[in-house]
Each structure stands twice: as C-alpha cells, then as structure tokens.
Protein chains: 4
Amino acid sequence: MSNNSAPNPSRPRKLRADAEANLDRIIDVAEAVFAEHGLDASIDLVAKRAGVGLGTIYRRFANKDALVAELIDRLLAETIAIAERHLHDTHGDGLTRYLYEVCELLSTKRGALARLWSDAANGPMITRSREVQQQLVANAHRHGAIRADLTGEDVAVALWSIHGILDVTRGSTVNAWRRQLDLLLLGFADNTAIPTHPLTPAAMTAIITNKSDRGNAR
Amino acid sequence: MSNNSAPNPSRPRKLRADAEANLDRIIDVAEAVFAEHGLDASIDLVAKRAGVGLGTIYRRFANKDALVAELIDRLLAETIAIAERHLHDTHGDGLTRYLYEVCELLSTKRGALARLWSDAANGPMITRSREVQQQLVANAHRHGAIRADLTGEDVAVALWSIHGILDVTRGSTVNAWRRQLDLLLLGFADNTAIPTHPLTPAAMTAIITNKSDRGNAR
Amino acid sequence: MSNNSAPNPSRPRKLRADAEANLDRIIDVAEAVFAEHGLDASIDLVAKRAGVGLGTIYRRFANKDALVAELIDRLLAETIAIAERHLHDTHGDGLTRYLYEVCELLSTKRGALARLWSDAANGPMITRSREVQQQLVANAHRHGAIRADLTGEDVAVALWSIHGILDVTRGSTVNAWRRQLDLLLLGFADNTAIPTHPLTPAAMTAIITNKSDRGNAR
Amino acid sequence: MSNNSAPNPSRPRKLRADAEANLDRIIDVAEAVFAEHGLDASIDLVAKRAGVGLGTIYRRFANKDALVAELIDRLLAETIAIAERHLHDTHGDGLTRYLYEVCELLSTKRGALARLWSDAANGPMITRSREVQQQLVANAHRHGAIRADLTGEDVAVALWSIHGILDVTRGSTVNAWRRQLDLLLLGFADNTAIPTHPLTPAAMTAIITNKSDRGNAR
DNA sequence: AATGAATGAGTGTTCATTCAT
DNA sequence: TATGAATGAACACTCATTCAT
C-alpha cells in the first residue's frame, strides 16, 4: 500500500530524439498489446508496456480512437506500399503477389485489424487503396490473368474475408488464410471452361459504419 | 434489509403465461441489439429494448456470457439443420446450397457472429458442424463437383472468411458476401484445365482462443 | 472509446502532493464509515465522505477486501505495539495493561472489528500477536500474578469476548466492556492475590442500535 | 409428518396442519442457513432449502427483518425458559447453570446471533430477560455465591462477550467459549469461595473461518 | 515536456420485495 | 393459499480522460 514513489533526482531528461523514439515505441507497443488483448486493452497497459506515462500517450493522440486510427493508417500505408511495388509487375501476377503479401502483413499485425476496413471507411487512404487495387486488377486483365468480370472491389472484399479468418484464428499461429486465399484466387482466375452462372453483381456501396457504436460501449 | 426499492407503477407486470414469450423476446432482442451495437452493448439496453426488467434477463441467463452462448448455440444449431437438409441432395450441389443458405442466415443474425466460430471452440455443436460439413464435402466429391483435394476444413474456413465480410459490412445491408462466395466456389469447383500450383496444405489445428480477451464477463 | 465522462468542474483537483494525505484520509474515513454503518457500507460512501473520487480508492486498494485488510493490519499492528510496550513491565501487570489498552483502542476503532480476529486468521501478524500475548502471560506467571493454568490462548479469546461487547454496543459510547474486563481479570488472577481495585461501575444504559444501518446496506 | 387424514387420491391440498409445519420448517431452515452463510444469505436460499415458494415466506413474514426478528424472539424465549427453570435452584448455582446452558444453546443456534442482543434492544422479551437475570443474580447473592457488587447487567454483558467468541469461531466446532466462561465465573465468584471445578481445557485449534461468509468481496 | 494521480460515468450482477396466476 | 417470475435499486469495480506538478 505504501506507495514508495521515491523521486529520482538523477533521472536523465528525455531528449527530443527520445521523444521521437517514444512515439514509435508507443505505436509498436499498442500494436502488440491490441493484438494480444484485443482493442479493449487499456491505454494504461500500453503506457506501462511502452515505459511511458499515460499523459505522454495523450499528448500524441487526442484519445484512444486516434491511437487506433494511427495504427490503421500505418497498416494501410504499408498495404499501399506493397501494391505500389507490384504495380508494374510484368507477368500479370502483381495482383496475386499483392494479396499474399498483404495477408502476410495483416497476419503479423493484427492489433487494429478489427477496425482496419471499417473505420477508415471513406478516408483518403482507403481511396488510395482502392485506386491501386483497381490498377492491379487492370494489369491482371491486360494479361488475361483473371476473369473479365473481376473488379477492384472484389479485391477489397477478398481482404475483408481474409480478415475474418485471421480474426477467428487470433491467438494461434495457424495460417489457415493461405490455403483459403489459394482457393479464392483459383476462383479469380480466368476460366472459360466453367462458369455455370454469372457472378452475383457487385452491390457493395459505402459501408455505413456507425462510429459511435464501436469502441468502449461499456 | 430495508431495501427501499420503489416499484415502477407505470409498466404493468408481466403475466406468468408470458414467461416463455419473454424468453424468446429477450433472445431476439439480444440478437438485434448485439447486431446493431456489437457485443459490448449493455445488458441494460437489451432489457430496455425487450421491455423487461434487468433481473428478468439474469433469471434466465447466469451472466452475459451465457446469453451470448445461447445466441451462438441457436445459430450453430440452425446451420447444422441447414446442412442436414442438404445431406442427401442428389446432384452434388448440397455443399453449395449449404454455404449460400448459411451465409444468408448469418447475414441476418450477426449478433453473436464475432464469437460464433471462436467461442464454441471444441464444443459438441462445433464437432457436429464439422461432421456434416465433411459429409457434404464427401457427397460433392462423389459427384465430382469439387476439387479432389478439397476438405471439410476448407468449408469451415470459408465460413470464417464470410464472417469477415459480414463484420466489415455490419450496419449496412450490403451483401458483398454473395459475390465473394460465388468466386470462392469457383475456386472450389473441379477444374482440370487450370491449377497452376497445388493448394497450400491444410495446416489448421485447434484454434487457440484466448478466452480472457473475449467479452467482459468480468 | 468515446467515453463521455464530463469532469466535475466544481471540486478542485487534488494536488499531487496531497496523494499521501489522501491515502491517510481514505483509511481514516473508511474506519469511521465502517464503524458507523458496518462493513456493508459502500465504497461510494467512503469516497464521498473522504472527498475523493471512487477511482482514487481503487487506485490504492485492489478491492474492498484489500481496504478492509489494511484497516485490520493497522489495528493489529497497534495492538502488537501495545504489547511490546508492556513486555518488560516490572510488576507483572503488563498483561493487565495490555488488555485494557487494547480494548480501549478497539473501542475507538471498531470499523474492521467484525473481521479483525477471523480474517487475519493465520497471517504473520496474528502469529506475532499470539507470540507477544504468550510472553505477557509468561511474565505474569513469573510474578505469580495469574493462575498457573492460564495460557496465551486465554488472552486471545478474552479479546474475542470483548469484541462481542463492542459489537453489541456499536453506535453507543457505552463502555460496558471495561467492567466486564475487570471481572474477567479477577478470574485470571491468582486466587490468592485478590482484587487490586474495585470494579468499574456499571454504566450501561439503553443500547441505541441504529436499526437502519444494519441489514442489506447493499 | 402429515397427519392421518384419509389418503387423498386427487390433488393433495395442503392442510392447515401442513401450513403450521411449513412455518416451523421455514424457521428451522432459516436458522441453519443463516448460521451457515451469515445473515446475508438470501431469502431465496431459505425458500429453496425449506422446499417452499418465496411467496410463502413473505406471507408469514413482512420482510427479511421480520424473519430474523422471529428467530431472535424464539431464541430469546428459550433463554428465558432456561432462566425460569433455574429460578429456584436451591444451592445458589442457578446463575451459573443458566449461563452455561444459554451459551450452549447459542453455540448451536448461531443464525441470528449477530443481531440477537442488539436488535431486540428494548423489546418486551429483552425486558423479561433482564428481569430473570436479575432474579438469578439476587438468588446467587442470597447464597453468597457471587461478589456483592455483581448485578444483573453484568450477566447480560457476559452473554454479549460470549457472543463475541462464538462469532469468531463461527464455522468451527471449537468451543473456546466454555473455558472463557469458566474464567469469567471465577471473576463473578465471591472471592472467598473459590473455584469449584477445574477450567475447561483449552480446545482452541485453528479457527476455520468460512471465507465465503465474509463481506461481499463479490 | 512528461508524469501519473484523480475523476466518475458506465457496466455486470445480486437480491429484497411484489403480485399475477 | 402457495408459487415463482418479474422488477429495479444498489453496489463493486474498470477505464478513458484530464490536469497539477
């Protein structure tokens, strides 16, 4: 009970550079903590694990949502970077590589996964993400690598579906997603021999995420 | 002892005969409320919406987890019933119908979706679910309707993936899942012309669900 | 996440330096509140009376039990200190003084009394308490001040019996315990060396029990 | 138990006599339940154990307090009956016998003990109790069996003190109270006429405290 | 700038009590 | 008359957020 908070007079003052490092550590730790405990994990836990004060986190992020948003932004940026690396693949396999690499990434950074695709909703990063996905699809079409009726939206939704698998397998190292992606890509492939009926037309409109409903409804 | 609880004079007491009806309403309302607000929605809200007192819910369910478990059980039972209806389909399309119907069901009952596949874990209902899925797959194999290397596990994972789509589209009526399922089933289909590489071998083991992360059973 | 907790603008924030003082006030108030309303008194009430937020109490004590345990520990420590002060009394009256002083103490700090002797059970403090009681008894034996067959256990039980009197007289300032202790000590005394002082005069008036305080304070 | 009345082949209606029996069973069960779990035990538990409906208890007793009060009244009545049996003991040992027998009784009926002496407060039964205690004391005085300055109040307080011992030893079968009463009576005794029998040997072992009875750590 | 003590709204859960059957 | 379903106030406890130091 006796709270022995002995003031350490000799503690070195944090330098500006440290502040930068702090920010990164906070983000990394938040990723890990949320991945381990879910988004309900407390900010306190993040602060403790990051070795910073609670206030420090709140200095960088207006609130918990903002921290999560940052996680999402960084993740999204990485997926876009992956896409851009494969935008000019010459064998029409850029799309395939994009999907495998992004899923690989998501399987290692599951912290903000639960809100990755719903939160960003219509933000600029999602827009950019859709853009590159469409380009990857266009490229694949050019090489006749995929069904003629496949769209960029199908790619986006494919990632949502993989997210579902990662969600169920949270906490395990199982990568069931890989095999399912194999199967899905088989369905993506151009296949003149098969289709007995045309695909259900894309009906996806703007996802209406009720922001205020999520988070600590508690 | 002197518990000064003032009875609410406005709302009429429920009649004994309504007890059964109450239980059903609670479950239906819980489904709807959790679907709308996520599993973090308060029991209080469920009670309010169901027009019953808080205690009434706790009379039927030991705690929040038990209520969610009931939702899951009912949902799982329905998916099994669907499977059983298609166990003897004569054209090898039982599996396909099962998947569409189950997804249709899940898209209308999203309340407990977030924990549907992870919570039941190794319970008897999941076991039965796997069983019928395997039988559906076996039937499909008999008719040469699906790839020779497709297993019951692939079917289970397919549902996880659809769950991901439903999760992202929560709150909207969009049924993006249908088109994605079309594509996935194309991949399931036997296709001697195509396969560029063998499927990633099934690696799914027991899903280790970190119970403590789940809901706030407190 | 969007936790709309509106800060109370009226009461000034506590200063960091007051932290220590806060802890002490919490403990003192808890003592008083439990003494007045019994251990069923709510933590909320303690917080209110102490002029701190509910969370402040939970910052110091893991839960209500921990708070009560602290009260018990402090009380027990005081009784041990009393014993130690009389361990070397030279006239064989250490035991007697110990008993009167401890009872005096208990009569002013009744908050945790109900669980004082049962909770600590076999903890280290109780062990120490028994130890010093035995030493006091040994000393008294050396001076022939008490019956030869009297043991340390009898002393422990004597305190339990006084606790019973304090329990019944809770809420009143009556110190019926004093006269009863006089009588008990007469029984303790070696029958050859008789009463050194007259009995405390009976002062018991109507016990004013605060009915509304008992029962489910809950 | 049910009285002779001809075997009723149709629905067995509860007879008046059964109602009587019910009441007794409720009271006995309440005693036992409160003794086992403390006065915080729920009425529901009492009803269940007694094999009656909740409403039946509330038909007999206005509220929980009334049930406890009944327990107290019956207990008090028994102590008075004991006193009356010893009112005319011819050797001046009525008081002593009264005390041992009452304590024996209390040690077997601890259900309402916690409120026995405080609740009744100034009720008529307490008044009668004090009356007989005074008569017992008067008789003892007549025989020169006790100190001249001993009063009826001392006897009442003596019982409070034993209650304290029973409280601490709740849940254990230890009867530490007996030896302490021996000692106390030594103090009561006229100092010229000494111990008539040796002290009850100390039998105190580890007090087995039933943690679950304690407070509501929830 | 960084810290962490303080705050209190919100949530799960219990249980005395009521009353329709 | 007996039953037990229904009710909701009350309580322990958590955690996002603020702000004095």
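Hydrogens, waters and symmetry mates play no part in the numbers below; they use all other heavy atoms, side chains included. All chains are named by letter (A, B, ...) in the order of the sequence lines, taking the proteins before the strands, and each is independently numbered beginning at 1.
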Would you indicate which nucleotide in E/dG12, F/dC13, E/dA16 comes nearest to any side-chain atom of D/Ser42?
E/dA16
Taking the side chain of B/Leu54 as its heavy atoms from C-beta onward, which of F/dT14, F/dT18, F/dG8 lies nearest to it?
F/dG8
Rounded to whole Å, CD1 of D/Ile43 lies from C1' of F/dA6 at a distance of 18 Å
When you measure from the side-chain N and O atoms of C/Asn22 to the phosphate of E/dA6, is any distance below 4.0 Å, counting only OP1 and OP2?
yes
Got a sec, which residues hit side-chain contact (heavy atoms from CB on, under 4.5 Å) with B/Tyr58, two or more places apart in sequence or on another chain?
B/Ile43, B/Leu54
NZ of D/Lys64 versus P of E/dT17: gap in Å, rounded?
8 Å
Rounded to the nearest Å, what distance is computed from the CG atom of residue C/Leu39 to the C1' atom of nucleotide F/dC11?
15 Å
Nearest heavy-atom approach of B/Lys64 to B/Leu39 is NZ-O, 2.9 Å
Can you name the residues that form a salt bridge (Lys or Arg N to Asp or Glu O under 4.0 Å) with C/Asp44, not counting sequence neighbours?
C/Lys48
Rounded distance (Å) that lies between atom P of E/dC19 and atom OH of D/Tyr58
13 Å
Listed nucleotide nearest any side-chain atom of A/Thr56, set F/dA2, E/dA2, F/dC13
E/dA2
Check whether any side-chain heavy atom of C/Asp65 sits under 4.5 Å from a side-chain heavy atom of C/Arg115, and report yes or no.
yes
Distance-only donor-acceptor test, A/Arg59 side-chain atoms vs E/dA1 base atoms, 3.5 Å
no
Just how far, in rounded Å, is P of F/dA6 from NZ of B/Lys48?
17 Å
Between F/dA12 (C1') and C/Asp40 (CG): distance, integer Å
13 Å
For C/Phe61 and E/dA6, give me the distance from atom CZ to atom P, rounded to whole Å.
12 Å
Using the criterion of both pairing distances under 3.5 Å for Watson-Crick and G-U wobble pairs, give all stems of 3 or more consecutive pairs involving DNA chain E.
E:2-21 with F:2-21
Please give, in whole Å, the distance from F/dC11 P to C/His37 NE2?
11 Å
Name the closest nucleotide to the A/Asn63 side chain, picking from E/dT17, F/dT17, F/dT3.
F/dT17
So which nucleotide from F/dA16, F/dA12, E/dT3 ends up closest to the side chain of A/Val52?
E/dT3
Please enumerate all residues that pass salt bridge (Lys or Arg N to Asp or Glu O under 4.0 Å) together with C/Arg49, with sequence neighbours excluded.
C/Glu36
Comparing nearest nucleotides in DNA chain F, the 5'-proximal residue of the pair C/Asp44, B/Leu23 is B/Leu23
Among F/dA12, F/dA5, E/dT18, the one nearest any side-chain atom of B/Arg60 is F/dA5
Output all residues satisfying side-chain contact (heavy atoms from CB on, under 4.5 Å) with C/Ala35, sequence neighbours left out; order by chain, then residue number.
C/Glu31, C/Arg110
By side-chain contact (heavy atoms from CB on, under 4.5 Å), B/Arg74 pairs with (sequence neighbours left out) B/Asp24, B/Ile27, B/Glu70
